[in-house]
Each structure stands twice: as C-alpha cells, then as structure tokens.
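Just so it is clear, the values below take in all heavy atoms, side chains as well, and ignore hydrogens, waters and symmetry mates. Nothing here was measured: the structure is a model prediction, and the numbers come from that model.
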There are 2 protein chains.
Amino acid sequence: MFVPDIREKLRGSGYTLTSQRRAVLEALLRAKGHPSAEDVYLIVKRENPRVALGTVYQALSVLEEVGVIGSKHWAESPTRYDLNVEPHLDIRCIRCGEVSEVPGVALGAVEEQIRDNTPYRVTHSAMVVEGLCPACLDGE
Amino acid sequence: MFVPDIREKLRGSGYTLTSQRRAVLEALLRAKGHPSAEDVYLIVKRENPRVALGTVYQALSVLEEVGVIGSKHWAESPTRYDLNVEPHLDIRCIRCGEVSEVPGVALGAVEEQIRDNTPYRVTHSAMVVEGLCPACLDGE
DNA sequence: TCTAAAAACAGGAATGGTTACTGATCACCA
DNA sequence: TGGTGATCAGTAACCATTCCTGTTTTTAGA
Ligand SMILES: [Mn+2]
Ligand SMILES: [Mn+2]
Ligand SMILES: [Zn+2]
Ligand SMILES: [Zn+2]
C-alpha cells in the first residue's frame, strides 16, 4: 500500500496522515513481522525520541480503524499489529513470542457455519493459534 | 462430573480438593454460564466472605490445569471459565458481555489443516467469536 | 498570509485484570 | 499428636492499555 492510498483512507474517515502516524507505519514495515505496540514505540523512538507511547497506541488504533493495519490478540501477551490486512491465520510461539503466518487455511466455511448456528449477529471471529516455533523446538 | 472424579483428577497432579476449590466449582455450577473470575469470587463470597480474590484465581488455575474446567479469553474483557471442557465454540456479546455456546461447528478439519501448514508444533488453537446477542439486537 | 478553531500530541496519572509475595492456617501422615 | 508441605487471606505489585491535561501542530476561512 502506498502513501497516497493511506492518506486517502485516513481522509475518508476524517483523519490526517501525521508524521507520527507515518512513523508508526514505517516502524511496522521495518519490524517486518507482528510487533507489539511497545515494539513499534521503540523503533519510532530511534528516529523521534520525543514520541510518546500513548501516541503510538492512538496511531495504531486510528490506522486499524481505517483498515490500513490489522491486529490480533493472544491471551497473556500484548496485542500484535500487522500490515497484512487480508484474512489469514497467525500462530504465536508460547516460548519466545514470535508470530508467523499460517498459509493455506480457509476459514470461510467455518465462519458461515457459525453464522448459521447462533442467534447472535456475528461481528468478528478469529482463530487464535499457539505453539512452539522451530527455533524453540530445537532447544527443548 | 462427580466429586470423586474431581478429587481423583486433583490427586493425579498432586493437588487436594479443598473447601475453596469445591466452592469455586459450585459457584461455576450456580453461575450456569461462562463467569469471569470476579463473578465466581462474588458467588463464593456469599457463603464464605473471607475468601480472597487471589484464592479464586489460583483455584481456577489449578482446576483448569487438571482438566476439570476450561477457560476462554476475549480481548478487552476478563477471561471466562466454563464447566464444559469438550472442544466447542463460544460467542461473546460485544454489548452486554454474555457468552453462549455455538453448536454444530466442527473445527477438527481446520486444526488439521493448521498442523499441516506450519512448522510450529501447535499446542493450542481456539476460535474467538464476537457478536450481538438477541437481547442486545432488540434494542439497537 | 494571518488567525481562530480543531486535531493531534507529549507526558504522566489512572485503570483493570491478573500475579506475586508473606505470614498464618490447614491437611495429611508418621 | 507433631511435623511438614500445601494452601490460604490479605495486600502489594505488575503490565498493557486508556485517560487526562496542557501544549503544539494543522487546517480552513477571511
Ligand atoms: Mn499476520
Ligand atoms: Mn462454553
Ligand atoms: Zn519460539
Ligand atoms: Zn448482549
């Protein structure tokens, strides 16, 4: 996604592309994975030491609201952010915390089954997957 | 599950069935749903006002460890506990917080797909589903 | 370009769920 | 019945996240 597209998306919801929001996006790119808000904060601070952690949280929240980034939450660990906004599965290592993507799993059918079997109006569903990453499997 | 079975399971892991743990189980029964640790605490306190919240957390943790109860976690809300330890889906209302079960959805195939598509050793996977319950749909 | 209003920000305090710590109490068995 | 380890109550600490307040930046309009 390019800067003009992102600016456009923010505009559409009445937001602007501030230098902090751009810095958060760049940090997300540089982290090249699934960083936590604090991870992002530490990267942003390298270039702009005056940025506040609260600002990073707020920027991440705005960027997620307009659909530029996504987030996933595992119990007992901070929320992870993701430039990949397509529906997909992520797995988190319970030892080192690394998050990676799991390709080739389609959840569409399951989501349809859920909607067909509950009187709730489903607004959100996600799979939370945990395990041991190859590196952590080695030393076990 | 009956008291002797539960005592047996605790024994198997070196635990005993204390009055507090029994009270937590009874509260879970009485709550008849998916209570939070604090919900359980409030029920237990009605009969035994001296019990501490920390004790409830610890009892829930032990009971879960030995497989007598289960727990599920949704972002932005406390962990919910469940006497139903069979694999099943729960959906949480984003307005009132009520948690209900979603019958008739099989996740076995998806879990197999996940194991086949990641180098991680999968230790845990769960579906997190949110929506609006029928009652909250009414007043919307 | 200048100016008032709105938005965003930095810094820090507060929040809420959960865990950790400590001294007291309890349960089990020799 | 006494010793020993498990468990407990009470409370402090923890951590991710949100909230608050005064300040800075951006935006729109004259
Ligand atoms: Mn991802
Ligand atoms: Mn359930
Ligand atoms: Zn790992
Ligand atoms: Zn509801």
Side-chain angles (χ1 to χ4, degrees), chain A residues 6-25 27 34-42 44-66 68-69 71-81 92 97 99 128, chain B residues 3 6-25 27 34-42 44-66 68-69 71-81 92 97 99:
Chain A
I6 289 163
R7 195 186 299 272
E8 182 63 26
K9 288 212 173 180
L10 286 164
R11 275 274 158 117
S13 300
Y15 296 112
T16 54
L17 179 56
T18 64
S19 67
Q20 288 87 348
R21 287 175 187 155
R22 185 192 281 242
V24 163
L25 279 170
H34 299 78
S36 67
E38 174 135 35
D39 294 336
V40 170
Y41 168 63
L42 292 175
V44 167
K45 234 176 45 168
R46 292 208 293 254
E47 305 272 302
N48 179 358
R50 291 183 53 78
V51 79
L53 177 56
T55 302
V56 170
Y57 271 104
Q58 186 182 313
L60 288 167
S61 153
V62 167
L63 291 170
E64 181 172 20
E65 181 190 335
V66 304
V68 172
I69 67 175
S71 76
K72 294 220 168 89
H73 184 89
W74 284 261
E76 295 162 69
S77 86
T79 299
R80 304 304 197 87
Y81 296 87
R92 175 177 175 277
V99 172
V128 176
Chain B
V3 166
I6 290 163
R7 196 185 299 271
E8 183 63 25
K9 288 214 173 182
L10 286 163
R11 276 272 159 117
S13 301
Y15 296 112
T16 53
L17 179 55
T18 64
S19 67
Q20 289 86 349
R21 288 175 187 155
R22 185 192 281 243
V24 163
L25 279 170
H34 299 79
S36 66
E38 173 135 36
D39 294 336
V40 170
Y41 169 62
L42 292 175
V44 168
K45 234 177 44 167
R46 293 207 293 254
E47 307 270 302
N48 180 358
R50 289 184 54 77
V51 79
L53 177 56
T55 302
V56 170
Y57 271 105
Q58 187 182 311
L60 288 167
S61 152
V62 167
L63 291 170
E64 180 172 20
E65 181 189 336
V66 303
V68 172
I69 67 174
S71 76
K72 293 220 169 91
H73 184 88
W74 283 261
E76 294 162 71
S77 86
T79 299
R80 303 304 198 87
Y81 296 88
R92 175 177 175 278
V99 172

Inset, instruction - If a protein heavy atom is under 4.0 Å from the base, mark B; if only from the sugar-phosphate, S; if neither, -; do that for nucleotides 5-11 of chain D going 5' to 3'. - result: --SSBB-
Inset, instruction - Identify whether any heavy atom of Thr79(A) sits under 4.0 Å from a base atom; if not, whether one sits that close to sugar-phosphate; answer base, sugar-phosphate or nothing. - result: sugar-phosphate
Inset, instruction - Please work out if Ser36(B) contacts a base, only the sugar-phosphate, or nothing of the nucleic acid, heavy-atom cut-off 4.0 Å. - result: nothing
In whole Å, I'd like the distance from the [atom1] atom of [X] to the [atom2] atom of [N].
X        : N       : atom1 : atom2 : answer
Leu60(B) : dT18(C) : CG    : P     : 10 Å
Tyr81(B) : dG17(C) : OH    : P     : 12 Å
Leu10(B) : dC28(C) : CG    : P     : 12 Å
Trp74(A) : dA16(D) : CH2   : P     : 16 Å
Asp39(A) : dT17(D) : CG    : P     : 11 Å
Arg80(B) : dT18(C) : CZ    : P     : 10 Å
His73(B) : dG17(C) : NE2   : P     : 11 Å
Leu17(A) : dC9(C)  : CG    : P     : 10 Å

Reported [atom1]-to-[atom2] distance for the pair [X] and [Y], which is rounded to 0.5 angstrom:
X        : Y        : atom1 : atom2 : value
Arg11(B) : Thr16(B) : CZ    : OG1   : 8.0 Å
Thr79(B) : His73(B) : OG1   : NE2   : 5.0 Å
Thr18(A) : Gln58(A) : OG1   : CD    : 9.0 Å
Lys45(A) : Arg50(A) : NZ    : CZ    : 12.5 Å
Leu25(B) : Ile6(B)  : CG    : CD1   : 5.0 Å

Inset, instruction - Choose from dA16(D), dT17(D), dG17(C) the nucleotide whose nearest atom is closest to any side-chain atom of Pro78(B). - result: dG17(C)
Inset, instruction - Please check if any side-chain donor atom of Glu64(B) sits under 3.5 Å from a side-chain acceptor atom of Tyr81(B), or the reverse. - result: no
Legend entry - Donor + acceptor pair across side chains of Ser71(B), Arg80(B) (<3.5 Å): no
Inset, instruction - Verify the contact: side-chain N or O of Tyr57(A) to OP1 or OP2 of dT18(D), cut-off strictly under 4.0 Å; return yes or no. - result: no
Inset, instruction - Between Glu76(B) and Arg11(A), name the one whose nearest nucleotide on DNA chain D is closer to the 5' end. - result: Glu76(B)
